[in-house]
Amino acid sequence: MLILYRIYQILVFCPLIVVSTIITALATVIGSALGGGRWWGFYPEVLWSRIFCWLAFVKVDVKGRENIDPKTSYVFVANHQGAYDIFSLFGYLGHNFRWMMKQSLRKIPFVGWACKAAGQIFVDNSSVSATRHTMQAAERQLRGGMSLTVFPEGARSWDGNMRRFKKGAYMLAVEFNLPVVPVTIDGAFDVLPRFEFLPRPGHIHITIHKPILPPAEGHDLANIMDESRRAIASVLPVRPTTARSENKN
């Protein structure tokens, strides 16, 4: 069966994914250029992400949507098991958001162009002025119910377990006094782990936890990092830890 599935991926999955990616990118660039960046920077990507899941026979279910308000801006922080984290969140979270992503993603043909046109936030910490520019870009986006989604681990897991969290996303939450929403992704590692190129059929579970609201005096960075990590881990099975993962953490 695996051989037949791989043949299907090569003959059907990969060509359709390439075509849908090009169409989505062009729609995003053109729609955003015409002044509809908020709509074209999100909804075509929702369909594109679902196509990735449908074609790979990946089922996604979401719990906890009642914890978030579509008219409120949040900073979503999620664990990062694999590439299908992106498709499952984009396709099924149900809340308009922009990503905080690496500068290197700008260089990907079509995808990088679409991300730039849609107003995704590229992180640049090369200098104080570059960091300030990143913060200003985030401030422009985080208005009118627009939210931000970040993988605070910074990179995909080696073994499905969480890596150490970085401060960047939380600094934005502190700066703009926004609620932080922990999101647990479970199953994406089994669908497409790091350094594999073709997905496997699977089931991804997304849990949206209750927002961590800023107190009157504002967020405390260490506290929200710890509280959000504990919330994410609370419904995440512990996997065997690899030596490579231990060295990287």
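Quick caveat: nothing in here was measured; it's all calculated off a predicted structure.
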Check your understanding: Judged by modelled atom types alone, do R163 and N161 share a side-chain donor-acceptor pair under 3.5 Å?
Key -> no

Point to revise | Flag side-chain contact, heavy atom, 4.5 Å: R50 against Y92 | key: yes

**Study point:** Members sharing F197's hydrophobic cluster (side chains within less than 4.5 Å)
**Key:** none

Review point. Going by atom types only, do Y74 and T149 share a side-chain donor-acceptor pair under 3.5 Å?
Key: no

Exercise for review: Go through the side-chain N and O atoms of D186 and H205 and say whether any donor and acceptor fall under 3.5 Å apart.
Suggested key: no

Exercise for review: Determine whether more than 12 heavy atoms belonging to other residues, nucleotides or ligands lie under 6.0 Å from atom CG of L4.
Suggested key: yes

Check your understanding: For the residue pair A56 and Y84, what are the closest heavy atoms and their distance?
Key -> CB-OH, 3.4 Å

Practice item. Please examine the side chains of P44 and W39, heavy atoms only from C-beta on, and report whether any two atoms are closer than 4.5 Å. Key: yes

Check your understanding: To the nearest 0.5 Å, how far apart are CZ in F110 and SG in C115?
Key -> 13.5 Å

Study note, to complete from the structure: Looking only at heavy atoms, the pair that brings F90 and Q120 closest together is CZ-NE2, 4.0 Å

Exercise for review: Could you list the residues that satisfy side-chain contact (heavy atoms from CB on, under 4.5 Å) with L213, not counting sequence neighbours?
Suggested key: P179, P211

Practice item. State, yes or no, whether a side-chain contact exists between I185 and L89 at a heavy-atom distance under 4.5 Å. Key: yes

Check your understanding: Under a single-linkage rule joining Ile, Leu, Val, Met, Phe, Trp and Tyr whose side-chain heavy atoms are separated by less than 4.5 Å, which residues share a cluster with I30?
Key -> L34

Exercise for review: State, yes or no, whether a side-chain contact exists between P182 and E227 at a heavy-atom distance under 4.5 Å.
Suggested key: no

Review point. Would you say the side chain of K59 lies within less than 4.5 Å of the side chain of I204, judging by non-hydrogen atoms?
Key: no

Review point. In terms of hydrophobic clustering (I, L, V, M, F, W, Y; side-chain heavy atoms under 4.5 Å; direct or indirect links), are L172 and I224 co-clustered?
Key: yes

Revision key, fill the gap. For D226, the salt bridge (Lys or Arg N to Asp or Glu O under 4.0 Å) test, sequence neighbours excluded, returns R230

Practice item. Flag the pair F122 / M100 as yes when at least one side-chain heavy-atom distance between them is below 4.5 Å, and no otherwise. Key: no

Review point. Going by atom types alone, do T184 and H209 pair a side-chain donor with an acceptor below 3.5 Å?
Key: yes

Check your understanding: Mind checking what makes side-chain contact (heavy atoms from CB on, under 4.5 Å) contact with P109, not counting sequence neighbours?
Key -> none

Exercise for review: Spell out, yes or no, whether V18 and L16 are grouped together once hydrophobic residues are joined by side-chain heavy atoms under 4.5 Å, including indirect joins.
Suggested key: no

With a 3.5 Å cut-off and sequence neighbours excluded, list the donor-acceptor pairs that the side chains of residues 21-29 form with protein atoms.
| residue | atom | partner | partner atom | Å |
| --- | --- | --- | --- | --- |
| T21 | OG1 | I17 | O | 2.7 |
| T21 | OG1 | W48 | NE1 | 2.9 |
| T24 | OG1 | S20 | O | 2.7 |
| T28 | OG1 | T24 | O | 2.8 |
| T28 | OG1 | W40 | O | 3.4 |
| T28 | OG1 | E45 | OE2 | 2.6 |

**Study point:** Minimum heavy-atom distance N67-I208, with the two atoms named
**Key:** ND2-O, 2.8 Å

Revision key, fill the gap. When rounded to the nearest 0.5 Å, the distance separating NZ of K116 from CE of M101 is 13.5 Å

Point to revise | D61-H203 side chain donor-acceptor pair, cut-off 3.5 Å | key: yes

